[in-house]
2 protein chains.
Amino acid sequence: MFTVQLKFTHHHLQNPLSFILRAAQIYPDKISLIHTDVTNPVVYTFGIWAQRIQNLAYALIEAGIRPGDRVAVIAPNSPLIADAHHAIIAARAIITPINTRLKPQEVTYILEHSGSRLILVDYEYAHLAQSNKIPVIISNDTGRDGDPYESFLTDGRRFSEEKGWAGLDAEPDENAAAVLCYTSGTTGRPKGVVTTLRGSYLAAIANAFEAQMNQDSTYLWILPMFHAAGWTFPWANVFAFATQVTLRTVDYSYIWNHLLHSAVTHYCGAPTVQIGIYNHPLARRLPKPVTAIIAGAAPTPHLISELEKKGIKPVHVYGLTETYGPFTRNYEQASWAAMSLEDRARLMARQGHAFATAGEVRVVYVHGENEDRPLKDVPRDGKTLGEIVTRGNIVMKEYFRDPEATKKAFRGGSFRSGDLAVMHPDGSVAIMDRSKDIIISGGENASSLAIEQELASHPHVLEVSVVAREHPKWGERPMAFVILHPQHASHWHGRHHEFERDLKQHAKPRLPGFACPEWVEVVPELPKTSTGKILKTELRKVVAKL
Amino acid sequence: MFTVQLKFTHHHLQNPLSFILRAAQIYPDKISLIHTDVTNPVVYTFGIWAQRIQNLAYALIEAGIRPGDRVAVIAPNSPLIADAHHAIIAARAIITPINTRLKPQEVTYILEHSGSRLILVDYEYAHLAQSNKIPVIISNDTGRDGDPYESFLTDGRRFSEEKGWAGLDAEPDENAAAVLCYTSGTTGRPKGVVTTLRGSYLAAIANAFEAQMNQDSTYLWILPMFHAAGWTFPWANVFAFATQVTLRTVDYSYIWNHLLHSAVTHYCGAPTVQIGIYNHPLARRLPKPVTAIIAGAAPTPHLISELEKKGIKPVHVYGLTETYGPFTRNYEQASWAAMSLEDRARLMARQGHAFATAGEVRVVYVHGENEDRPLKDVPRDGKTLGEIVTRGNIVMKEYFRDPEATKKAFRGGSFRSGDLAVMHPDGSVAIMDRSKDIIISGGENASSLAIEQELASHPHVLEVSVVAREHPKWGERPMAFVILHPQHASHWHGRHHEFERDLKQHAKPRLPGFACPEWVEVVPELPKTSTGKILKTELRKVVAKL
């Protein structure tokens, strides 16, 4: 068996690889991975999966991968990328997951910047890995003989049969890099976020604990695993001995099929994904409670109510790629149960308090000029706008090969999230906006998020996004892009201008004058990142052309 | 607010003190501590309790306690000892809990050996702290003005009001000592087990996760907190935001009162305590499931069945003071559900696999002579007897001021538990005996534990303990001490010899000849440690006089 690396007899290194070794020991025959919505479905037990992971680790080493090397993975949610999260660490290399929706030149940039030594790629995205001189292993996602990925595993198998886990040395430094994950990069070049083994171990345990997962849980992969290493859930699920179901695409029929028939208990997703779930024709009340972990934007009252009607319990978390995914959580209070949905939703929209095993979260004054002076907390008044900063074990180590960006991100001694928030008297954090999303209207700071929340309370609004648009008199004014609720879209058909008036009147009593939208545009869809985050940069480009 | 100590921005020190700070932030108004079965009951919220802990930390510093100093605590389960587990760490000192059932000279030895600089003592045990020159703070366990302990807290309050958590520096080394806990010392002088902040942090998280505790949980303190720092539950409960109920004595009426009326969901206890629980006149089926974490001895089929009838789910764990309490757990498999109680109980009696966050557990050959050579695993055959050895984050750092004993305990590079076990083909560990409890009968090794398990299957046996007794022909032979089940005691009244014959006949088809008890003695009670472990040393003394 794999030998846990020790500094002393009373000290072993925190490494998320230990979870799969433990799971394979304790529940070898339990189903760990289900991948069924494909031509060649596969189901692996912990015992078999651990063996495949070991084979992959040996195959990587045999292919020349050395400690600290980067191994890129370009794949949808599937066994390939699930395997990679464990096996690359087992080979003491660094997993570099790449967003499948990037353009070829963006992928090339990441491959070059990361200095990846090998690419594991899914057949559907093989074109993204073509133009490079880096060795490529293609998976046809069949799990069968003849699949090049399976042949690669077979290469490794020779060694695993001979040496087993004992033949693999664990990384001797728990602060060594585990993952190199490139931020989606809504502006400028993507930056490579480096996370550690210790951080991944602790974040995974925290996610398993916060989600209250255990050996009876089944986790449905809706969130792409390539996004912030799937918020460490590739390891959290294994720590909890949960079963994972991988889905190549966010297909709501498949999702409902699994929710209804695969004993799913947990999934993660942005609000926009949640909307897709509760609005689907197959949607109905689930027989068993399901926990939905929501991040990317705050859940609205409507979203909370719709999910709860389906038996889905929303848990609101907040974080960034730089914080391994979730860093804060909205901790529901017993007293909220008696509140109206609106009041409860207002409290649930807050990003909340530091997560289990997270270190410190603060809201500090934003310093325009002299950004190196000590950070100062804003008062706990729920009003004063500041920047969210974080520190501790589940904050990234650095931006890869970018000491300048690293220095800037940690100026003042904490990680600067760039998210503007207030601190409520109860110590909970509530995001008002990304710093760049603030609208400066007549000299006033208008939070696009606050405007969106009020506009979303109009019963005919399905989704809304607000950005700044130049205004000759006020400098900037808010412009709202709205998707109408399908049930009401026909009502306003050919009368969008009337809806515009209606929505402006809805806003008037709810928002200060400077925050009321000057323009409203009804649109069929909104530009989004692969994780469902609305791309305001794209909307700003649209606005710039108006 | 208390500042988390950081080595880097992406690294904070693992310290269980962080749990109470987080709980007080997130759930300030939630009940954290209930102490009601006393003249002056008290109930504290997390907010108030955290403040009391802060006051105590400042009072300790004001009383001259410096980083690394030992502060002794002699108290039953009560707010005093619960406070101490957090406040002494906040003062960067080492908590030294002392078993309240020790004799004055034993307490004196521990106070001297530990070099304790201050004693926090409960009024009921004040005599144990009298003869010393160390300053003593007595608690009358009233929580009211006029109580010397409350006056002590008031001393600290002046500073906490002025400086708050920010005025307290956290220990900058996560491998610094957290607890110094003396082993019950069934033979020889008690040894001081030193555990670390990192280990306590990780063990507490593991216990919270394994017990599946959360903010809706209520933990009933039956296990004494002075025993192995209450298996880290003083911190695990806080990590999970659970409510704790402290009980000064193991009084089964109080226990049932809490089980029925205080929404208790979890408790820990040795089998003998569990027997007391299910045999009590108030015992009935509980309306909500309760989890009982059992260690100290394996649960018998009868015990499992009786607990399950009451709606209590037994979880079998194994560990020692040297492993922060639980280090392995019996992980129930889905396939067991269909088994007979006897078969299931046989599997549940195994000590199982390494706990969450525990490192490595092995069973290695016992070397009589040359104990320094490398450890070698016994085969996974469920038969070959070896010694359980452990390594990793939740193994003690050392025996305090005893390099010889430390060296001996870690010979071969792992902690030697002294427990003899086999390794089953599924990798689970099953204890056969303490090395000193093996009976060498006619040259054969007879496991006293295995004999006890077979004798316990006699329906009239409530509890049984087996020790070696000298035998002119066979060297040693097993002698059994039996407590009869109350329901059947009258049946055998005045006919103990007949029962003896009956039990021997019961044993015959179940045990090899050399393991059958040569003598059976019916007794009204068995000598036990404060945690309910049977004191075989006492039985051996009885046997020696026969």
Side-chain angles (χ1 to χ4, degrees), chain A residues 1 3-4 6 8-14 18-19 22 25-30 175 194-196 198-199 201-202 205-206 208-209 212 214-215 239-241 329 331-335 352-354 356-360 362 377 390-398 410 413-415 426-428, chain B residues 1 3-4 6 8-14 18-19 22 25-30 175 194-196 198-199 201-202 205-206 208-209 212 214-215 239-241 329 331-335 352-354 356-360 362 377 390-398 410 413-415 426-428:
Chain A
M1 216 194 81
T3 300
V4 180
L6 297 139
F8 317 105
T9 43
H10 67 280
H11 189 130
H12 73 272
L13 297 159
Q14 296 175 4
S18 56
F19 305 151
R22 203 167 146 259
Q25 279 286 313
I26 297 176
Y27 291 113
D29 301 326
K30 191 180 177 293
N175 293 304
V194 177
T195 61
T196 69
R198 173 178 163 121
Y201 177 93
L202 292 169
I205 291 177
F209 182 79
Q212 293 278 297
N214 61 29
Q215 70 278 13
F239 175 77
F241 309 127
R329 173 180 174 174
Y331 289 91
E332 223 166 321
Q333 303 283 330
S335 59
H353 294 84
T357 81
E360 182 184 86
R362 297 163 68 191
D377 292 270
T390 61
R391 290 201 294 184
N393 290 321
I394 62 171
V395 169
M396 69 156 183
K397 192 174 181 179
E398 61 185 0
F410 285 110
S414 282
F415 172 69
D426 67 355
S428 70
Chain B
M1 214 191 84
T3 300
V4 181
L6 298 139
F8 318 104
T9 43
H10 66 278
H11 189 130
H12 74 271
L13 297 159
Q14 296 175 6
S18 57
F19 305 151
R22 202 167 147 260
Q25 280 286 314
I26 297 176
Y27 290 113
D29 301 328
K30 190 179 179 293
N175 294 305
V194 177
T195 61
T196 70
R198 173 177 163 122
Y201 177 93
L202 292 169
I205 291 176
F209 182 80
Q212 292 277 298
N214 61 28
Q215 70 278 11
F239 175 77
F241 309 129
R329 173 180 173 175
Y331 291 90
E332 224 167 320
Q333 304 284 330
S335 59
H353 294 86
T357 83
E360 183 185 85
R362 297 164 67 191
D377 292 88
T390 61
R391 289 200 295 184
N393 289 320
I394 61 173
V395 170
M396 70 156 182
K397 192 174 180 176
E398 60 184 1
F410 286 110
S414 282
F415 172 69
D426 68 355
S428 70

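Residue numbers start from 1 in every chain, and the chains themselves are labelled A, B, ... in the order their sequence lines are given, proteins ahead of strands. The shown structure was predicted, so the numbers you read here are calculated from the model rather than taken from an experiment.
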Short side-chain donor-acceptor distance under 3.5 Å, Q14(B) and Q14(A):
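Yes - a donor-acceptor pair under 3.5 Å links their side chains.
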Using a cut-off of under 4.5 Å on heavy-atom pairs, state which of P28(A), A356(A), G427(A), G352(A) scores highest against chain B.
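Going by pairs under 4.5 Å, I would pick A356(A).
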Pick from F239(A), Y201(A), F415(A) with the largest number of heavy-atom pairs that fall under 4.5 Å of chain B:
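Max contact count across the listed options: F239(A).
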Check Q25(A) against H353(B) and note the closest heavy-atom contact, atom names and distance.
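Q25(A) and H353(B) have their closest heavy atoms at O-NE2, 3.4 Å.
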Which atom of T357(A) lies closest to which atom of H12(B), heavy atoms considered:
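Looking at all heavy atoms of both residues, the shortest contact is O-CE1, 3.3 Å.
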Go through K30(B), M396(B), R198(B), R329(B) and name the one with the most non-hydrogen pairs under 4.5 angstrom from chain A.
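Between K30(B), M396(B), R198(B), R329(B), the count favours R198(B).
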Look at Q212(B), E398(B), R362(B) and state which one has the largest set of heavy-atom pairs under 4.5 Å with chain A.
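Counting heavy-atom pairs under 4.5 Å, the top option is Q212(B).
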As an exercise, state the distance from CG of D426(A) to CD1 of I26(B), rounded to the nearest 0.5 Å.
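These two atoms lie 10.0 Å from each other.
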Polar side-chain atom of [X] near backbone of [Y] as donor-acceptor pair, under 3.5 Å:
{"X": "R22(B)", "Y": "A354(A)", "value": "yes"}
{"X": "Q333(B)", "Y": "D29(A)", "value": "no"}
{"X": "H11(B)", "Y": "N393(A)", "value": "no"}
{"X": "Q215(A)", "Y": "Y331(B)", "value": "no"}

At a heavy-atom separation under 4.5 Å, does [X] approach chain B through its side chain, its backbone, both, or neither?
{"X": "A208(A)", "result": "both"}
{"X": "F241(A)", "result": "side chain"}
{"X": "A240(A)", "result": "both"}
{"X": "F410(A)", "result": "side chain"}

Among T196(B), V194(B), I394(B), which residue meets the side chain to side chain contact (heavy atoms under 4.5 Å, CB included) test with H10(A)?
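Among T196(B), V194(B), I394(B), the one that satisfies the side chain to side chain contact (heavy atoms under 4.5 Å, CB included) with H10(A) is T196(B).
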